[in-house]
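Below is one structure, written out as structure tokens; the observations come after it.
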Amino acid sequence: MQQTNKLSPFFENLNFERHDNAMVINFGPQHPSAHGQLRLVLELAGEEVVKALPDIGYLHRGIEKMAENMTYNEFLPTTDRLDYIASTANNYAYALAVERLIGVEVPRRAKVIRTMLLEVNRIISHLFFVATHALDVGAMSVFLYAFREREFAMDLMEDYCGARLTHSAVRIGGVPLDLPRDWITNLDKFCDKLLHELEHTYEALLTENRIWKMRLENVGVLTPENALSWGCTGVMLRGSGICYDIRKEEPYELYGELDFDIPVSTTNDSYGRYRLYMEEMKESVKILRQLIGMYDSTEPQLMAHAPQYISAPKEEIMTQNYSLMQHFVLVTQGMRPPVGEVYAPTESPKGELGFYIKSEGEPYAYRLKCRAPSFYHTGLLQEILVGTYLADVVTIIGSTNIVFGEVDR
């Protein structure tokens, strides 16, 4: 049989023949500014991008299929490996979907703790964005300063759950632990330090820096129409003048009771998106201050009472035979949610993160689908990069704040 070397339809429209100053280059999959295993095929005319095609799949691990072959509680730590920069956001989004599927209401103290962890996690993710985005564009000092504050925030997560990157700090039905002694005090000190550094270090170095503004202003322009067409969410959507945040539109946990603003930019460019990340960290501090005041007024219960789906507290397991038997069944066989389907959207640091679960009443999900924001923002590159210059490609990729753990899932 004659073998033919036929190109994938993905690349059929690319012109691999070089004419005059036209050429095709691979940006990645090992480029340090590709923010993961992204192979970006660029067709250039001189230094101007004529066509851009993102090629994904180099990090694919089949996480959604793994979820369909693991019990609901077994799968929860795996969600850490999606957006590994903000793992608590993934833990929570999955736990929320399962809780809605089984109809469980989480105790108020668990809601306070979970909302605190989500906002600390948001700050960790945003600091990582500012650090790496500045480094990509050439601002080395900001990278070092932002990682310093990020370490302090990760110390808080470590004090709570023992882990710094993959937290597994949320459980289906609540949280595993109460806050340690002095945790609230340390959080309050961190909020003070972060606000000071945001104003006197990061913004002082970047916001009015003429080189920074030249590299970001009018670069990566995304119109509101294109943002909606490509399914953008989070800062990518709000950076195009559309005020949409799931914490306000479909409140979960305690966000409906909290007073905070949703920053919006109408410049539609990378500079406007950078400003939003800075403002969102200030809003997260505002949220954390309110949660600190709520904590002491809550009852100490941390897990929902639903013996059919959730193990009893350790004290009951150790003293009551029936609770021990239920715990044994839940650990060895897994919970059996009712037949049905659910989709639970949340506002992760990068945009709308949601889990769709279809249950057939078995210990394993019949189908699980993760709606990850980075996947949509990666596809956007094939439009937003056209007409820009090669040096701007690094800026635009950084501005989208994509992570490939949740793209190649």
Any heavy-atom pair between the side chains of N73 and M335 that's under 4.5 Å?
yes
Using salt bridge (charged side-chain N to carboxylate O under 4.0 Å, His left out) as the criterion, point out the one residue from E105, E99, E257 that pairs with K111.
E105
Just wondering, do P54 and Q382 contact through their side chains at under 4.5 Å, heavy atoms?
yes
Is E341 salt-bridged to R367, going by a charged N under 4.0 Å from an acidic O?
no
When the side chains of residues 116-123 are checked against the rest of the protein, which donor-acceptor pairs come out under 3.5 Å, sequence neighbours left out?
from	atom 1	to	atom 2	distance (Å)
E119	OE1	R122	NE	3.2
E119	OE1	S284	OG	2.8
E119	OE2	R122	NE	3.4
E119	OE2	R247	NH1	3.4
E119	OE2	Y255	OH	2.4
N121	OD1	T88	N	3.1
N121	OD1	A89	N	3.1
R122	NH1	E347	O	3.3
R122	NH2	E347	O	2.9

Any salt bridge linking K350 with D83? Criterion: basic side-chain nitrogen under 4.0 Å from a carboxylate oxygen.
yes
Salt bridge flag under 4.0 Å for residues E406 and R371
no
Report, as yes or no, whether the 6.0 Å neighbourhood of atom CE on M325 holds more than 12 heavy atoms from other residues, nucleotides or ligands.
yes
Quiz item: cation-pi between R100 and Y343, 6.0 Å / 45°:
no
Less than 4.5 Å apart, side chain to side chain, heavy atoms only: is that true for R275 and T207?
yes
Taking 4.0 angstrom as the limit, do R109 and D178 come out as a salt bridge?
yes
Please list, chain by chain and in numerical order, all residues satisfying ring pair (Phe, Tyr, Trp, His ring centres under 6.0 Å) with F75, sequence neighbours excluded.
Y94
With sequence neighbours excluded, what pairs up with H167 under the ring pair (Phe, Tyr, Trp, His ring centres under 6.0 Å) test?
none
